[in-house]
Visitor: 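Okay, here's the structure, questions in a sec.
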Amino acid sequence: MSMSKEKIDTFVKAWYQALDFHVPIEQVYPMLAETGLNVQFPDGDIRDYDSFKVWYDRVTNLFFDENHYVQSVTVVEESDDEAVLDVIVGWQASWWEPPAAKSKRTSMTATQQWRVKASDSNAYGMVIVNYNATVKPFEYAPGFAQL
């Protein structure tokens, strides 16, 4: 397989780093399939770059001090140019809802399933085709805010 486990792990970490640092969307697009994109978030489904931009603009203007911690990446299916991944990631983030005196902080673990395919659109050699962040309900740490 052209997408080794090491390359997959690097790509997954790079994805979350891009989200954590709120990189310009032009740096995120090359990590997503241009056609056939299917992203499922709790707040809606994304099928193309335009709907991804709406989501990205909203979350990068809402959440701050974000940290994603990749706990595991398991390749559950693979072919020559595609792989299905089970991804477990911890996420911490803060947000502020005016006129609240303080921001809120969440800390959770999310179980996700991805399908990636080989691509030359970025340095990692793959793009996200399917991304389901709603495989299981989020597991919130005690005492933290829930979304």
Side-chain angles (χ1 to χ4, degrees), residues 1-95 103-147:
M1 178 177 175
S2 62
M3 296 183 293
S4 69
K5 177 67 165 79
E6 181 180 5
K7 286 182 181 181
I8 288 169
D9 288 346
T10 299
F11 177 70
V12 170
K13 288 177 185 171
W15 168 258
Y16 290 121
Q17 183 174 355
L19 298 180
D20 286 348
F21 286 96
H22 299 181
V23 301
I25 198 161
E26 295 78 19
Q27 293 176 25
V28 181
Y29 284 150
M31 300 175 89
L32 299 169
E34 286 189 59
T35 58
L37 183 64
N38 181 8
V39 179
Q40 295 168 284
F41 287 124
D43 52 347
D45 294 348
I46 295 166
R47 301 282 187 258
D48 54 34
Y49 282 7
D50 289 341
S51 56
F52 182 82
K53 183 179 185 330
V54 170
W55 175 85
Y56 192 76
D57 287 348
R58 186 180 68 77
V59 299
T60 57
N61 283 292
L62 175 63
F63 296 109
F64 61 92
D65 197 19
E66 292 186 73
N67 294 296
H68 286 86
Y69 304 97
V70 178
Q71 296 173 8
S72 67
V73 178
T74 305
V75 178
V76 293
E77 291 178 33
E78 62 183 315
S79 66
D80 289 339
D81 64 348
E82 288 190 349
V84 174
L85 315 173
D86 283 345
V87 178
I88 299 176
V89 61
W91 180 58
Q92 293 182 339
S94 299
W95 72 99
S103 63
K104 294 181 181 180
R105 184 90 178 145
T106 192
S107 181
M108 68 162 82
T109 300
T111 300
Q112 305 176 346
Q113 188 167 78
W114 299 18
R115 183 167 58 91
V116 295
K117 71 175 182 179
S119 172
D120 60 3
S121 71
N122 61 55
Y124 305 102
M126 65 194 75
V127 292
I128 296 169
V129 179
N130 293 337
Y131 184 108
N132 186 346
T134 60
V135 173
K136 287 184 174 180
F138 297 145
E139 296 175 28
Y140 290 94
F144 285 84
Q146 296 188 15
L147 301 177

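Computed from a prediction, not measured in an experiment: that's the story for all the values here.
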Visitor: By side chain to side chain donor-acceptor pair (under 3.5 Å), which residues pair with S119, not counting sequence neighbours?
Guide: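 Per chain and number, S119 pairs via side chain to side chain donor-acceptor pair (under 3.5 Å) with S121.
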
Visitor: Which heavy atom of Q92 sits nearest to which heavy atom of S107, and what is that distance?
Guide: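 That closest heavy-atom pairing would be NE2-OG, 3.2 Å.
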
Visitor: Can you sort out the partners of D48 under side chain to side chain donor-acceptor pair (under 3.5 Å), two or more places apart, ordered by chain and number?
Guide: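 Side chain to side chain donor-acceptor pair (under 3.5 Å) list for D48, sorted by chain: S51.
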
Visitor: Counting distance only, does the side-chain N/O of T106 pair as donor-acceptor with the main-chain N or O of Q146 below 3.5 Å?
Guide: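 Checked: no pair found.
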
Visitor: For residues 18-28, pull every pair meeting side chain to side chain donor-acceptor pair (under 3.5 Å), keeping only residues two or more places apart or in separate chains.
Guide: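 Pairs touching residues 18-28 that pass the test: D20-H68, H22-E66.
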
Visitor: Distance check, rounded to the nearest 0.5 Å: I88 atom CD1 versus K136 atom NZ?
Guide: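 Going from CD1 on I88 over to NZ on K136, the span is 6.5 Å.
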
Visitor: With sequence neighbours left out, what residues match K104 under salt bridge (Lys or Arg N to Asp or Glu O under 4.0 Å)?
Guide: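 For K104, the residues satisfying salt bridge (Lys or Arg N to Asp or Glu O under 4.0 Å) (neighbours in sequence not counted) are E97.
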
Visitor: Who passes side-chain contact (heavy atoms from CB on, under 4.5 Å) against Y29, sequence neighbours left out?
Guide: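 Only I25, Y49, F52, K53 meet the side-chain contact (heavy atoms from CB on, under 4.5 Å) criterion with Y29.
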
Visitor: Would one find more than 12 heavy atoms of other residues, nucleotides or ligands at under 6.0 Å from atom CD of Q71?
Guide: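 It does: Q71 CD has more than 12 such atoms within range.
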
Visitor: Which residue pairs satisfy the ring pair (Phe, Tyr, Trp, His ring centres under 6.0 Å) criterion with at least one member in residues 127-147, sequence neighbours excluded?
Guide: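 Listed by first then second residue: W15-Y131, F41-Y131, W114-Y131.
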
Visitor: Any idea which heavy atoms bring L37 and I128 closest together, and the distance?
Guide: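 Closest approach of L37 to I128: CD1-O, 3.6 Å.
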
Visitor: Distance check, rounded to the nearest 0.5 Å: T111 atom OG1 versus E139 atom CD?
Guide: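 Separation between the atoms: 5.5 Å.
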
Visitor: Who pairs with Q113 by side chain to side chain donor-acceptor pair (under 3.5 Å), at least two apart in sequence or on another chain?
Guide: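 Expected list: D86.
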
Visitor: Nearest 0.5 Å, please: how far is OG1 in T10 from CD in Q17?
Guide: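 One gets 11.0 Å once the value is rounded to the nearest 0.5 Å.
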
Visitor: May I have the step-by-step check of side chain to side chain contact (heavy atoms under 4.5 Å, CB included) for L19 and Y56, ending in yes or no?
Guide: CA-CA 9 Å; L19 298 180; Y56 192 76; 3.8 Å; yes

Visitor: Heavy atoms only: give me the nearest D57-T60 pair and the separation to one decimal.
Guide: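 Heavy atoms of D57 and T60 come nearest at O-OG1, 3.5 Å.
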
Visitor: Considering all heavy atoms of both residues, which atom of T134 and which atom of P42 are nearest to each other, and what is their separation?
Guide: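 Where T134 meets P42 most closely, the heavy atoms are CG2-N, 3.6 Å.
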
Visitor: If you measure from CD on E78 to CD1 on I8, what distance do you get to the nearest 0.5 Å?
Guide: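 It is 7.0 Å, given to the nearest 0.5 Å.
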
Visitor: I'd like to check the side chain to side chain donor-acceptor pair (under 3.5 Å) partners of D9; sequence neighbours left out, ordered by chain and number.
Guide: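 Result, side chain to side chain donor-acceptor pair (under 3.5 Å) vs D9: K5.
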
Visitor: Please report the shortest heavy-atom distance between V70 and V73, naming the atom on each side.
Guide: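 Distance-wise, the nearest heavy atoms are CG1-CG2, 3.7 Å.
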
Visitor: What residues form a side-chain contact (heavy atoms from CB on, under 4.5 Å) with N122, not counting sequence neighbours?
Guide: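 Only F11, P30, M31, Y124, V127 meet the side-chain contact (heavy atoms from CB on, under 4.5 Å) criterion with N122.
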
Visitor: If you look at every heavy atom in V75 and A83, which pair is closest and at what distance?
Guide: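 V75 and A83 have their closest heavy atoms at CG1-CB, 4.3 Å.
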
Visitor: List the residues meeting side-chain contact (heavy atoms from CB on, under 4.5 Å) with V54, not counting sequence neighbours, and say none if there are none.
Guide: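 side-chain contact (heavy atoms from CB on, under 4.5 Å) list for V54, sorted by chain: empty.
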
Visitor: Suppose the criterion is salt bridge (Lys or Arg N to Asp or Glu O under 4.0 Å): which pairs have a residue in residues 110-135, not counting sequence neighbours?
Guide: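 Salt bridge (Lys or Arg N to Asp or Glu O under 4.0 Å) check on residues 110-135 returns E82-R115.
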
Visitor: With side chain to side chain contact (heavy atoms under 4.5 Å, CB included) as the criterion, how do M108 and L147 come out once you've worked through the C-alpha distance, each side chain's angles and the decisive distance to 0.1 Å?
Guide: CA-CA 10 Å; M108 68 162 82; L147 301 177; 3.6 Å; yes

